[in-house]
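Read through the structure below, which is laid out as structure tokens, and then see the notes.
No hydrogens, no waters, no symmetry mates; every other heavy atom, side chains included, goes into these values. None of these values were measured; they are calculated from a predicted model.
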Amino acid sequence: MNIYSLSELINHHQQLPECVLTIGNFDGVHLGHQAMLHKLCQTANGHNTKQLATAVMIFEPQPREFFSPDTAPPRLTNCDEKLALLQAFGIQNVIIAEFNEAFRNLSADEFAIILQTIGVRGLVLGDDFRFGHDRVGDSSFLRTAGFSVFTLDTVENHAHERISSTKVREFLLKGDLNLANQMLGRDYSITGDVLHGDKIGRTLDFPTANVALNRLKPAVQGIFAVDAVLNNQQSFASFSKNQQLGLIGFRSNSLFGTASIGVRPSVAKPHDWRLEVFFPEFDGDLYGQVLNVRFLHYLHPERHYQDLTALKMGIDNDVKALLAWREQQLAI
């Protein structure tokens, strides 16, 4: 998959292979987005008897993060996760548009000219798509500008609910992984590098892997059962010490873990978002590795403990409860 910066395409007068384009945040790449991508591929393959390339334009930061970063909705996927999902879908080209003052002030006419210049010949858009500083740009505007445009109607689930990133966030924040996963078409997960943290977990006898979030704030918060795999497909055994290999998870080559994701109200300053994963019966050095952490079961929200002794007791109770949940699942 080819990844382009829109500003570099413009500044260097570069052009993509002639393509059909879709545009949006694509946060989560949920089933609604996937329907758009299916239509994009179908349209590119049969565009006026000529096969064109597929292209997706996404925004970094996402518009609401630019306008109001303190109140922007949580990210379902950071940029790298989004790119990986688009690549897995078979998209050939991704254009990353930096959402800044210059971009937000583009008129609809200027944006249409940019699309023509970089090689866009057709578009697949949602029925509510609008663009341009004056927001006069829509599908009809683009057809008038000479593009072939297919508009996709809203995608709904079996309960006739609109599938959207907003609904997925609502379900995740309530801890309803089942309904969130139904809209995503997959199990929700977060991928990130294992970083050095403040190592408080070690002092409590619960050493954790501190997984980078790479977003303003995550879409899940609380205590969860998880399983994790290494993105390089290696086995955790390669990094284990003292024959402490951990507990197998529910995917091939995965380890079962207990995770806390949030602001750590007992030990940290507000808004210090962390994803920390404890792997029972595992001893090893995972620093620098990339983990994909899949959320399996929600236990409860974050809790505030008065001191580290109470915190250690709370963690111990959570680990026992989540290990019991794992045993129940294995017995099914």
Side-chain angles (χ1 to χ4, degrees), residues 25-35 62 64-65 68-78 81-82 85 154-192 208 211 213-228 249-251 256-266 268 270-278 291-305 311 314-315 317-326 328-329 332:
N25 287 325
F26 285 88
D27 188 24
V29 194
H30 54 60
L31 290 179
H33 296 142
Q34 292 171 40
Q62 294 182 170
R64 290 179 65 182
E65 293 171 340
S68 53
D70 292 336
T71 59
R75 279 273 189 127
L76 298 174
T77 44
N78 63 37
E81 291 167 335
K82 190 184 303 185
L85 289 166
T154 295
V155 179
E156 297 180 343
N157 64 9
H158 63 279
H160 303 294
E161 295 176 301
R162 182 175 183 269
I163 296 175
S164 68
S165 300
T166 299
K167 289 299 295 184
V168 176
R169 291 187 196 102
E170 288 177 7
F171 293 138
L172 288 176
L173 286 174
K174 291 189 297 185
D176 196 332
L177 296 172
N178 184 49
L179 289 179
N181 292 342
Q182 287 178 25
M183 285 199 169
L184 288 169
R186 65 181 186 280
D187 293 330
Y188 186 69
S189 67
I190 289 177
T191 300
T208 59
V211 181
L213 290 170
N214 298 321
R215 65 199 85 198
L216 293 177
K217 54 186 173 183
V220 284
Q221 187 173 4
I223 310 302
F224 292 84
V226 301
D227 66 6
F250 297 88
R251 292 181 284 176
F256 177 81
T258 65
S260 171
I261 181 166
V263 295
R264 306 186 303 161
S266 301
H271 311 303
D272 179 26
W273 293 92
R274 296 284 185 92
L275 169 56
E276 297 176 317
V277 184
F278 169 64
L291 292 184
N292 174 260
V293 180
R294 182 176 64 151
F295 293 82
L296 303 173
H297 173 68
Y298 173 71
L299 185 61
H300 62 69
E302 285 190 288
R303 293 172 177 166
H304 178 267
Y305 296 97
L311 174 60
I315 294 173
N317 290 336
D318 291 343
V319 171
K320 288 177 180 176
L322 292 171
L323 286 173
W325 176 86
R326 175 180 178 270
Q328 291 172 355
Q329 302 309 301
I332 295 175

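Residues Leu291 and Val277 form no side-chain contact, since every pair of their non-hydrogen atoms from C-beta on lies 4.5 Å or further apart. Looking at Leu299 and Thr258, their side chains never come closer than 4.5 Å, going by heavy atoms from C-beta outward. Looking at Gln182 and Asn157, their side chains never come closer than 4.5 Å, going by heavy atoms from C-beta outward. When side chains are defined from C-beta on, Phe278 does not count as touching Glu276, because their heavy atoms never get closer than 4.5 Å. A 4.5 Å side-chain heavy-atom check between Val226 and Arg294 finds every atom pair outside the cut-off. Residues Ile190 and Ile261 meet the side-chain proximity criterion, which asks for heavy atoms closer than 4.5 Å. The closest side-chain heavy-atom distance from Arg326 to Gln329 is not below 4.5 Å. The shortest distance between side-chain heavy atoms of Phe295 and Leu172 does not fall below 4.5 Å.
Using cut-offs of 30° and 60° on the angle between ring planes, the pair His297 and Trp325 is parallel. Aromatic ring orientation, Phe256 versus Phe250: perpendicular (interplanar angle above 60°, classes split at 30° and 60°).
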- Item | Pair Ile223-Leu322, side chain to side chain contact (heavy atoms under 4.5 Å, CB included): steps then yes or no | CA-CA 9 Å; Ile223 310 302; Leu322 292 171; 4.1 Å; yes
- Given the rule in the side chain to side chain contact (heavy atoms under 4.5 Å, CB included) test, do Val263 and Gln221 qualify, once you have shown the distances and angles that lead to the verdict? CA-CA 8 Å; Val263 295; Gln221 187 173 4; 4.3 Å; yes
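Annotation: the span from Phe26 atom CZ to Gln34 atom CD amounts to 10.5 Å, rounded to 0.5 Å. Of the inter-residue distances, the one linking Leu275 atom CG with Thr191 atom OG1 reads 10.0 Å to the nearest 0.5 angstrom. Separating the CE atom in Met183 from the CD1 atom in Ile163 is a distance of 5.5 Å, to the nearest 0.5 Å. Between the CD atom of Glu302 and the OG atom of Ser260 there is a distance of 5.0 Å, given to the nearest 0.5 Å. Taking OG of Ser164 as the reference point, atom NE2 of His33 lies at 8.5 Å (rounded to 0.5 Å). Here Leu179 contributes atom CG and Glu170 contributes atom CD; the two are 11.0 Å apart, rounded to the nearest 0.5 Å.
Of the possible donor and acceptor atoms, none in the side chain of Arg64 sits under 3.5 Å from a partner among the backbone N and O of Pro73. When atom types are taken as modelled, the side chain of Asp187 and the backbone of Leu296 share no donor-acceptor pair closer than 3.5 angstrom. The backbone N or O of Asp272 sits nowhere less than 3.5 Å from a side-chain atom of Arg264 that would complete a donor-acceptor pair. Within the 3.5 Å criterion, the main-chain N or O of Leu76 finds a donor-acceptor partner in the side chain of Tyr188. No donor-acceptor distance shorter than 3.5 angstrom exists from the side chain of Ser266 to the backbone of Leu311, with no hydrogens or angles considered. The backbone N or O of Asn292 lies less than 3.5 Å from no partner atom in the side chain of Ser189, so there is not a single donor-acceptor pair.
Contact detail for Asp70 and Lys217: the closest heavy-atom pair is O-NZ, 4.1 Å. A pairwise comparison of heavy atoms in Pro69 and Leu216 identifies O-CD1, 3.8 Å as the closest pair. Of all non-hydrogen atoms in Arg169 and Asp27, the two that sit nearest each other are NH2-OD2, 2.8 Å. Closest approach of Pro74 to Ala219, counting heavy atoms only: CB-CA, 3.6 Å. Across Val155 and Gly32, no two heavy atoms sit closer than the pair CB-CA, 4.0 Å.
We find that Arg75 and Glu81 are not joined by a salt bridge, their nearest charged nitrogen and carboxylate oxygen being 4.0 Å or further apart.
The neighbour count for Arg186 CZ, taken as heavy atoms of other residues, nucleotides or ligands under 6.0 Å away, is above 12.
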